[in-house]
Structures are given as structure tokens and as C-alpha cells.
S.K.: 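Before I ask anything, let me first share the structure, which is written out below as C-alpha cells.
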Number of protein chains: 2
Amino acid sequence: MTTALSTPTPFRRKSLHAELTDAIRNQIVNGDLAPGIRVPEKDLCTFYGVSRTPLREALKVLATEGLLSLEPNRGAWVSRITPEDLDEVFPVMGALEALSGELACKHISDAEIGHIRVLHRQMLKHYEKRELAKYFEVNQQIHEAILNAARNETLATQYRSLAARVRRARYVANMTQERWAQATDEHEQIMDCLETRDGERLSYVLKLHLENKLETVRQWLQDNHDPA
Amino acid sequence: MTTALSTPTPFRRKSLHAELTDAIRNQIVNGDLAPGIRVPEKDLCTFYGVSRTPLREALKVLATEGLLSLEPNRGAWVSRITPEDLDEVFPVMGALEALSGELACKHISDAEIGHIRVLHRQMLKHYEKRELAKYFEVNQQIHEAILNAARNETLATQYRSLAARVRRARYVANMTQERWAQATDEHEQIMDCLETRDGERLSYVLKLHLENKLETVRQWLQDNHDPA
DNA sequence: AATATGAATTATGAATGCATTTTCATCAGC
DNA sequence: GCTGATGAAAATGCATTCATAATTCATATT
């Protein structure tokens, strides 16, 4: 009874609202749509060449993700990032990241550790050349790989949702040389923990790593805060 | 400059899609819409007497919350609760609840502790009379009060979202006398931690409490699992 | 009888249109 | 000059309509 087609591999095109959600989310996360600005439906409709119906569905989703705030009859704004937001979000991310470290050490394969090792070396090279953007890029890939190793989609989804909210700040946060060196050192420890599969310590290091990152982002926000 | 009206309290009627979201969420969480069943748009439209546009917006939101699953061109289903789901969700809830305990002990006021003490006594009475539904009700209020004491809306939102997903199971989970006694004892400890503001221990107890709850729910799921 | 095929039915995806609310420019009154 | 009123313009909320994909059911074929 086994044929070449015995394994079902359904392929379905994403619906428009889903694609819009992803596209607009990217626009927000990479700062293309700046925090605080209004987002009239009409503008996005003409930009994407779609009607209001699927667009509005996307806006509702992004609002529940915390990237937009909607006011009835008044439309959508890109959520602002206040210092209070950071103080709220980072502890939660810390708890989730700690859990991800713990679980990752339980489930991670040798191949995955190897892959992260490769990413780690790439990141170090970007650090030496002071290529901030590329550093961030690889950095994010490492954290993503750890998250995947935790084998918990619920955890990953929740974490990514929060990360998206603060990543907008992280992108522009210019680290001091000192902080950058420290972060790199912390990543060295993270690598160690993974290779020895020391979940408890990884949990601790990741949380610390994030707390230090909070300081960086908070600093940036103080320097660049826009008047309400 | 502080007047009676210094705190802005904008007064806006919720929009229809928001009310629908809440209403349908309740239907799902309290089991009125059972896990696994199809949810045709038309049925909900006639039930609520609304058109498809706001309804569909609500469905998108509930899908991002994990209560529904949507398949393009095929419609919506109430998410099933599998043992794998529980194994994913509970650890994440555990991490969040641990954090909430830690934060609550930092911020909770004497009045709030007093209020929780009142709820605690109520719960004990329901336990003695073996009133399961009322016990659950007050139980939930206690956890909600702790969550509020943590003073972190982000945390609260994330936690509630996960709690909603498993509450459907919790409602029907019939506890053994043994487990019930144990849970009550754990709540005694929770109360102690709050009154001594021992965040570290509360964190630990809440996590343990949740792990035990997982066992109960998992047991129920084994007994009542419906065939896919 | 069992399976496969294709038309009819039904459901969802997306665009359009109308009603209501906000916004904003203009102007009257103090 | 500032406050508040008025009406036009614009934006949002929701219903309806059209398009397209999925499902169902009758029919044909083996």
C-alpha cells in the first residue's frame, strides 16, 4: 500500500492576511515603521496593493502580539517602547530564556552544538571586525538555535513574540566597546555550557546575559527617547 | 496640577470584533465549544447575529492565542489538547508562575495579602464541603491576585494566554481526594510565603504546585482522550 | 459493490460600499 | 487671543457582494 505518494505533504499557499501580518511585523521590527507613528489603513493598503479586509485582520493580530495598539474608531499606532515596557518585558524574557537553556541542554544534539559552534566563530569574527549589524544577525541566529534545541514550540512562540517587541530597540542600540566585549565573553560561557550540557549554568548565564542587554537597551532609550 | 480628572480614563465602547473575541474565547475556555470540533463562520455569525467581517477578525486573534487553529480555505477548528501540548505548556507556565511569585513578594501590599488570605479561607471551606467548581473558582482568583501583585502586565498577559489553553482541561479534571488534599496543603504554603514575603520559596512552591497540577490534568486526558 | 470522476453545493478569501465616528479647518462669541 | 461651536473631509466599523477553493453527492466505470 506504500507508494511514492504515501506520505501526505499538503501544500497550501498562505492566505493574504497571514502574509500581510508577516510583512508588517517585519516593517515594525526592523524599524521601518517607527514606534509611536500612526498607521492609517489606507496607507498600508496602497503600499501593499490590497483591500482593507485582509489588512485589518493582520492589524488585529499584530495588536494582540503587542506590536500595534488599536483604539476603536481611531486606528492603529506602532507601540511605543517605554522604559517601563523594557522593565516589564525583559524579566519575562529572562524567565523564558532561562527555561530554554535548561531544556536545550537536555535535548540538544551533537550536530546542533556543532552548528552553534560555527555560528559562534562567525560572530567572533564580526566582533573583531566591529561589524555590528552582522554581529547582531548571527547573535540572533545563535539564540534562535538554542530556542529550537529546547524542543518546545510554545516556549519558542512566546519568546519570539516578546523578542520582537524589544528587537526594534536592540537594532539601533549602539553598544559600548566595554559592553560589547562583555557580551562576547558571555557568549563564550554560553558555548561552554552547551558543550558540557550544563543546563543549570546555561540557564543562569542566559538570564545574566539578558539583564546586561537590558542595561544597554535602557541606556539607548534614555539617549534617544522621543517626546510623547 | 493634580485634579480629580488628572488621570485620563478614556471612555470608548469596545468594537464588535473585540467583544466577539472575548465571547468566543469564553465559549472555548469553558468547554462550550469542545476541543477538536469545526467552527464554521456561518454558524457563529447566526449565533451572534453579526456579519462575517468582524467575526473573521475575532477568529484570527483567537488563532494567534492558540485557542483555534486555522487552515487556509478550510476554516477553523477548536484546538485539541494533546498530552504533548500539556508537556509544552506547563513548563512555560511554570517559569512564568515562578517569576510571578518572585515579583509578587517584592510588590505586594498588606491589603492584598489580607485579601488573598480571605480568598484562601473561602477556598478551604469549599474544600471541606467538597465543592469542586467553587473551589476552582476561588483557586483561580487567588492565582490571579498573585499575578496582579507581581505588577507586570506583560507577564500577566502571557500567563493568562497559556492558562486559557489548559483551563479547558482543568475545568473537567476530577481530582483524587489525595491530590486535592495535597493541593490544599500547597496553597497553605503559598499563603505562608506571601505573608513572609519569601519570594524565592514562593517561586519554588508555585512551580511545584503547577507540576502536580500537570499530573492531574495529564491523568484526566488519558482517561478522557477522544480519538483523532 | 467499490472506487473514481465530475458537476452542484457550500464555505472561505478578498473587494467593495455604506454608516458612523473622528478629525480638522473655519468661524462666532466672549 | 482664546474658547467653543459648526460643518466638511477623512478614517474606521461593519455589512454585503463577488471570486475562488473545498466539499458533497450523483453518476459512471470497473
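Chain identifiers are assigned alphabetically (A, B, ...) following the order of the sequence lines, protein sequences preceding nucleic acid strands; residue numbering begins at 1 within each chain. For clarity, every value in this text was computed on a predicted model and none was experimentally measured.
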S.K.: Give the rounded distance in Å between these two atoms: CG of A/N73 and P of C/dT20.
M.R.: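 After rounding, the reported distance stands at 12 Å.
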S.K.: Write down the distance between CG (B/D43) and P (C/dA11), rounded to a whole number of angstrom.
M.R.: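 Rounded to whole Å, this separation is 8 Å.
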S.K.: Are B/R52 and D/dG13 close enough that a side-chain N or O sits under 4.0 Å from OP1 or OP2?
M.R.: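 The answer is no; no side-chain N or O of B/R52 sits under 4.0 Å from OP1 or OP2.
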S.K.: For the residue pair B/L44 and B/L59, establish whether any side-chain heavy-atom pair is separated by less than 4.5 Å.
M.R.: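 When only atoms from C-beta onward are counted, B/L59 and B/L44 do touch, with a gap below 4.5 Å.
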S.K.: Regarding B/Q141 and B/E137, is there a side-chain donor-to-acceptor distance under 3.5 Å anywhere?
M.R.: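 There is such a pair (donor and acceptor under 3.5 Å, judged by atom type) between the side chains of B/Q141 and B/E137.
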S.K.: Could you state the CD-P distance from A/E71 to D/dG13, rounded to the nearest angstrom?
M.R.: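 Spelled out: CD on A/E71 to P on D/dG13 is 11 Å.
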S.K.: Just the rounded figure in Å: distance from P of D/dT16 to CG of B/L16.
M.R.: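 About 13 Å, once rounded to whole Å.
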S.K.: B/E19 has an atom CD; how far is it from atom P of D/dG13, in whole Å?
M.R.: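 Whole-Å distance recorded here is 13 Å.
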S.K.: Please report the shortest heavy-atom distance between A/R80 and A/R168, naming the atom on each side.
M.R.: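 In terms of heavy atoms, the two residues are closest at O-NH2, 4.5 Å.
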S.K.: If only side-chain N and O atoms of A/S51 are considered, is one of them under 4.0 Å from the OP1 or OP2 phosphate oxygen of C/dA15?
M.R.: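 Looking at the OP1 and OP2 atoms of C/dA15, one of them is under 4.0 Å from a side-chain N or O of A/S51.
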S.K.: To the nearest angstrom, how far is A/E41 atom CD from C/dA15 atom P?
M.R.: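 For the pair A/E41 CD and C/dA15 P, the rounded distance is 13 Å.
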S.K.: Heavy atoms under 4.0 Å, any strand shown: does B/S15 hit a base, just sugar-phosphate, or nothing?
M.R.: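 Since only primed, P, OP1 and OP2 atoms lie under 4.0 Å of B/S15, the category is sugar-phosphate.
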S.K.: Would you say C/dG13 has OP1 or OP2 under 4.0 Å from some side-chain N or O of B/R56?
M.R.: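 For C/dG13, OP1 or OP2 has a side-chain N or O of B/R56 closer than 4.0 Å.
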S.K.: What's the CG-C1' distance between A/L55 and D/dA11, to the nearest Å?
M.R.: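 One finds 13 Å between C1' of D/dA11 and CG of A/L55, rounded.
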S.K.: From NZ of B/K42 over to P of D/dT23, roughly how many Å is that when rounded to an integer?
M.R.: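 Distance check: B/K42 NZ to D/dT23 P gives 18 Å.
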S.K.: Determine the interplanar angle of the B/H187 and B/H143 rings, folded into 0 to 90°, and report it as parallel if under 30°, tilted if 30 to 60°, perpendicular if over 60°.
M.R.: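 Rings of B/H187 and B/H143: perpendicular, over 60°.
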